[in-house]
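Please read the structure below before turning to the comments.
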Protein chains: 2
Amino acid sequence: MPSDCPARPIDAQAIKVACSNCNLRELCMPVGLSPEELERVDGVVAARIKVKRGSRLFRSGEPFKALFAIRTGFFKTCVAAADGRDQVTGFQMAGEIIGLDGIVSDRHACDAVALEDAEVCVMPFERIGELAREVGALQHHVHRIMSREIVREHGVMLLLGGMRADERLAAFLLNLMQRLHARGFSRSELVLRMTREEIGSYLGLKLETVSRTFSKFAGDGVIEVRQRHLRILDPAALHRIVDQQPGHR
Amino acid sequence: MPSDCPARPIDAQAIKVACSNCNLRELCMPVGLSPEELERVDGVVAARIKVKRGSRLFRSGEPFKALFAIRTGFFKTCVAAADGRDQVTGFQMAGEIIGLDGIVSDRHACDAVALEDAEVCVMPFERIGELAREVGALQHHVHRIMSREIVREHGVMLLLGGMRADERLAAFLLNLMQRLHARGFSRSELVLRMTREEIGSYLGLKLETVSRTFSKFAGDGVIEVRQRHLRILDPAALHRIVDQQPGHR
DNA sequence: CGCGGTGTTGAAAATTGTCAATAATTGTGG
DNA sequence: CCACAATTATTGACAATTTTCAACACCGCG
């Protein structure tokens with residue numbers, strides 16, 4: 001299933017894969033399941049796959065067979081227009097689900113590229129469907145995950161549609177920080193997994209604009225930038241930048 | 001449930017509402033259902049509601065209870081940021097489903113405003129869930145609808161992230177035409193249901209830019225513009241504009 | 001140690017936004 | 001049905017932001 005050679009399956013049983021034991025459970029799985037239900041839901045994970053940095057978990061156009069839950073690592077998803085345009089549609093980290101775009105046409109509609117060595121749980125969509133029919137909480141959970149993605153994209157549209165460069169980047173950083181913090185990382189330090197160009201693609205900006213805006217933030221004492229290492233010195237300032245009135249359409 | 005007074009329920013039985021008889025069936029409903037299944041799926045529509053032009057079918061923050069299928073009329077959905085920013089996230093027409101954003105948090109995450117007098121089918125989400133558990137085709141259909149919305153938003157991100165004004169507007173027009181044509185309308189003429197400002201909000205442009213770009217297209221003989229009445233003179237030219245290489249990030 | 005990919009910065013150009021004036025259209029109430 | 005008010009649309013001149021092009025610096029890795 002994976003597009004590139006570096007991805008290789010791991011026998012699920014062998015490594016005792018079990019959502020019920022997974023420390024990402026609260027992020028991936030529905031809460032409030034009974035022990036029996038929990039055990040059954042464990043069964044949706046058919047395998048675990050390693051994906052090397054730079055390789056693709058799936059590509060646009062490939063047959064869609066499964067959703068993927070990220071266990072470790074960091075991904076970007078991007079769509080390519082016919083004319084070669086390329087747009088990063090999101091960055092995904094541990095506990096997040098990718099592949100939802102493939103359901104509608106039974107083919108993936110974007111590429112998922114690992115930005116660092118990663119490991120994902122393969123959840124065959126057929127199996128999810130069967131189990132969701134029996135476990136109501138799982139059914140609702142699947143709906144919630146898809147709805148969440150829709151709402152997330154609304155937020156991106158707000159960003160792309162009406163914000164200026166500094167507002168976009170501030171919103172992006174706050175979002176990243178929030179998600180990282182929810183996973184136990186520092187509230188003030190982070191290492192970017194993506195290039196300036198990828199950030200720019202996601203935010204609808206050129207890489208130079210991203211770089212300049214980082215420099216501006218650094219000059220204002222809001223953040224500290226050393227290549228991909230960032231330190232947030234003044235989170236409140238970032239919030240003020242996002243909420244500033246100018247630059248909306 | 002509706003936010004504004006002008007929306008009033010219609011007794012579903014009285015007007016013999018039935019998906020099985022609806023001429024939008026192919027757009028709304030799964031295909032290949034058995035007669036019995038079809039009859040049961042009819043049951044997801046609890047009522048029909050009329051929504052007057054300018055009033056809201058639902059608002060951000062309201063409790064989410066149902067999805068809505070548009071029978072007639074035209075809607076926009078928009079999100080409002082805390083600071084008063086407003087972003088149109090989509091335009092919806094007959095046969096399309098709105099409200100998906102509400103599932104994740106049990107509250108609507110955007111406003112749905114009727115841009116012309118409309119009539120919608122109310123489909124309580126509880127009931128959809130129950131029935132989806134029994135009718136596999138319905139379950140898959142719900143997944144497909146949500147996935148389709150995710151993919152649609154990817155397209156919008158491509159548009160907002162990397163296209164110039166004329167490319168955005170050309171893509172917008174082509175998309176509208178295609179959807180209208182699928183509903184039996186002319187392939188070359190249309191009446192816009194929304195203002196320049198609403199188009200601009202959707203496309204991440206100011207209304208003046210939208211107006212100017214319309215004028216430019218008209219000057220180039222690509223379209224004819226008389227206020228909201230449009231005639232597409234040269235669809236191929238619009239395609240060429242969308243596919244032109246420049247202006248991507 | 002050097003090379004390729006990545007990041008920074010400057011100056012000029014292009015695109016889009018802002019402000020403002022006017023026109024056209026639609027809705028409303030007499 | 002008409003007239004007036006309010007909304008919507010068009011257009012111009014100018015300003016602001018972002019992009020483009022280019023040069024150079026910095027890692028990281030073989």
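Computation of the quantities below employed the complete heavy-atom set of this structure, encompassing side-chain atoms and omitting hydrogens, waters and symmetry-equivalent molecules.
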Notebook entry, point to check: Counting only distance, no hydrogens or angles, is the base of dG7(C) paired donor-acceptor with the side chain of Arg212(A) under 3.5 Å?
Noted result: no
Notebook entry, point to check: Is the number of heavy atoms from other residues, nucleotides or ligands within 6.0 Å of CZ (Arg187(A)) greater than 12?
Noted result: no
For [X] against [Y], the heavy-atom pair lying closest together:
X	Y	answer
Asp86(B)	Ser201(B)	O-OG, 3.5 Å
Met157(B)	Thr89(A)	CE-O, 3.2 Å
Ala118(A)	Gly73(A)	CB-CA, 3.8 Å
Val120(A)	Ile70(A)	CG1-CA, 4.2 Å
Arg164(A)	Glu167(A)	N-OE1, 2.8 Å

Margin query: Within the 4.0 Å heavy-atom criterion, would you say Ser211(A) contacts the bases, only the backbone, or no part of the nucleic acid?
Written below: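 Contact class for Ser211(A): base.
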Separation of [X] atom [atom1] from [N] atom [atom2], in whole Å?
X	N	atom1	atom2	result
Met194(B)	dT26(C)	CE	C1'	18 Å
Asp166(A)	dT18(D)	CG	P	7 Å
Leu207(B)	dA20(C)	CG	P	15 Å
Phe214(A)	dT6(C)	CZ	C1'	13 Å
Arg164(A)	dT19(D)	CZ	P	13 Å
Arg193(B)	dT8(D)	CZ	P	15 Å
Leu160(A)	dT17(D)	CG	C1'	16 Å
Lys206(B)	dT18(C)	NZ	P	4 Å

Check: Think Arg53(B) has a side-chain N or O under 4.0 angstrom from the OP1 or OP2 of dT26(C)?
Finding: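 For dT26(C), neither OP1 nor OP2 has a side-chain N or O of Arg53(B) closer than 4.0 Å.
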Item checked: Members of residues 215-223 of chain B that approach DNA chain C, where some heavy atom sits under 4.0 Å away ->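 None - not one residue of the stretch has a heavy atom sitting under 4.0 Å from the strand.
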Check: Taking only residues two or more places apart in sequence or in another chain, which ones pass side chain to side chain donor-acceptor pair (under 3.5 Å) with Glu116(B)?
Finding: Arg193(B)
Notebook entry, point to check: Measuring from Leu160(B):CG to Leu203(A):CG, what's the distance to the nearest 0.5 Å?
Noted result: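 Result: 12.5 Å between the selected atoms.
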Next item on the list: Can you measure from CG (Leu158(B)) to SG (Cys110(A)) and round to the nearest 0.5 angstrom?
Entry: 12.0 Å
Checklist line | Contact list for DNA chain D against residues 224-232 of chain B - heavy-atom distance below 4.0 Å | finding: Val225(B), Gln227(B), Arg228(B)
Check: Counting side-chain heavy atoms from C-beta on, which of dA9(D), dG27(C), dT9(C) comes nearest to Glu208(A)?
Finding: dT9(C)
